[in-house]
Amino acid sequence: MQPLSSAEVKRITTKNTYGTWRRQKGWNPVHVVDAEDCHFTDSDGKKYLDFSAQLMCVTLGHKNKAVITAIQNQARDLAYVGPAWATTVRAELAKRLIEVLPKGLDKFFFTTSGTEANEAAFKIARMMTGKTKIISRYRSYHGSTMGSIAATGDPRRWAMEPAGKIPGVIFAPEVNCYKCPILHTYPGCGIACVEYVEHMIANESDVAAVILEPVVGTNGVLIPPKEYLPRLRQICDKHGVLMIADEVMTGWCRTGKWFAVDNWGVVPDILTTAKGITNAAIPLGLCATTEKVASYFEDHFFSHGHTYEAHPLTLAPAIASIDEMKRLNLAARAVELGAYIGPKLNALKEKHPSIGEVRGIGMFWGVELVKNRKTKEPFNTMKDKVSGTPLLVDKVTGRMMTNGVYMQAWVSHFVIAPPLIIRESEIDEGVAAFDEALSIADAEVEA
Ligand SMILES: Cc1ncc(COP(=O)(O)O)c(C=O)c1O
């Protein structure tokens, strides 16, 4: 069979397949043919530094050998049996998960995406509590299906309003100490944003769960003040509401701990994750629950499942990924890398008037652009994103691509989350490309 030319690959991809979260017109994807460690290569042989680990998921770097071998061996030994059977790979993974997850989360439902992990969490929370409502926050993303998009605060939900989503989800203000949605200033605020969640619970009744990204990911790398999560834990306990930590993006050493909640010593009732669990080499999601949640289903029908639940081929690379993360001491490495990149990004803020704020935890960094540092007005809005208005952040990342560096942008900020195997010299390369491209934004700053 004659291989397709690159032009054919692009033509068929854009004509016959969907490009996600975008208007289809004008989609002109790079044809990627290879990827290794912190780089990927296009069909012209040009190499790009992957400064966001694709979608903040290739944590061990591309083509991790142990992960590939695990997939190959599992495909040979037992590629598939249904979820009703016991398998060695399922037990081996469960053993390892108990070791690395926050203590007390020891019963697992395996899915094939973060979206499905959150769907499972909502159903479990509703069945277990007998209550309906889910509290989420505006600056959030929890997945693309009818339930998980309903719980998504960002504009990817808008097209589904009001009919295409599950009822019963309500939104709390997010924690954002740079641009507080309720116009407070930390620490004098008394963490009003979390106290307001209690007000919501008390006034709504029928609240089954609160779902949150412990550190908000795509929507800006928003790090809560130290009081936030412990206080939310207290509020949930007081009202018999389950706390669901969505660690799809923040899990797997990204924030300098195995899971972001570990930074504040908080154990949620349910933790969902995906992405880095297999180094993104095979689709796998996880919904982990405590014994208290799990025990409800001893005598009640667990009304949930998938053909691909606990699919052996998806579980084997998770075992390999966890072993690799331990071998490489990746959580500690994320802290070291964060200490290296943080001052460099803050130095960019000194130099570039278009940067409003730099924030990060471990090797998870957000850089927010503003037209005006005083008013903190962004260059673009969520409405611009949805309407297809060209975004300034995309111009910046476009220039970086020309210079061989790929970095994720969303509305008016960037998310920097390279593979945790990145070298300091590669960080320098990425930061230099960012530095150069930021002149595009600086030129648009209000005088
Ligand atoms: C915080 C969070 N939750 C859920 C999801 C959905 O995961 P998936 O894309 O694997 O369905 C994502 C994806 O980016 C995410 O970042």
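All ligand and atom numbering here is 1-based and tracks the order in the structure. Numbers here are sequence positions counted from 1.
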If you count the atoms of ligand 1 from 1 in the order shown, which ones are under 4.0 Å from a heavy atom of Ser113?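 In order of number, 10 (O), 11 (O).
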Taking only heavy atoms of Glu213, which atoms of ligand 1 are found under 4.0 Å from at least one of them?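 Listed by number with element: 1 (C).
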N or O contact, [X] vs ligand 1, cut-off under 3.5 Å:
X	result
Glu116	no
Thr218	no
Gly114	yes
His142	no

So for Leu55, does at least one of its heavy atoms come nearer than 4.0 angstrom to any atom of ligand 1? no
Min heavy-atom dist Glu247 to ligand 1 below 4.0 Å: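 Heavy atoms of Glu247 never come under 4.0 Å of ligand 1.
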Shortest protein heavy-atom distance from [atom], along with the residue and atom involved:
atom	result
atom 3 (N) of ligand 1	Asp246 OD2, 2.7 Å
atom 14 (O) of ligand 1	Lys275 NZ, 2.9 Å
atom 16 (O) of ligand 1	Met249 CE, 3.4 Å
atom 11 (O) of ligand 1	Thr115 OG1, 2.5 Å
atom 2 (C) of ligand 1	Tyr141 O, 3.3 Å

Contacts under 3.5 angstrom, residues 160-169 side chains, donor-acceptor by atom type, not counting sequence neighbours:
residue: Glu161; atom: OE1; partner: Lys165; partner atom: NZ; Å: 2.9
residue: Glu161; atom: OE2; partner: Arg157; partner atom: NE; Å: 2.5
residue: Glu161; atom: OE2; partner: Arg157; partner atom: NH2; Å: 3.1

Is there a donor-acceptor contact under 3.5 Å linking the side chains of [X] and [Y]?
X	Y	answer
Asn219	Asp154	yes
Thr272	Asn118	yes
Glu116	Thr112	yes
His31	Lys10	no
His142	Asp246	yes
Thr250	Glu247	yes

Contact partition for Thr250 relative to ligand 1, non-hydrogen atoms under 4.0 Å: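 Neither part.
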More than 12 non-hydrogen atoms from neighbouring residues, nucleotides or ligands closer than 6.0 Å to CZ on Phe171, yes or no?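 More than 12 heavy atoms, drawn from other residues, nucleotides or ligands, come within 6.0 Å of this atom.
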Pairwise side chain to side chain donor-acceptor pair (under 3.5 Å) hits with a residue in residues 251-261, at least two apart: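 Non-adjacent pairs meeting side chain to side chain donor-acceptor pair (under 3.5 Å): Trp252-Thr273, Thr255-Asn263.
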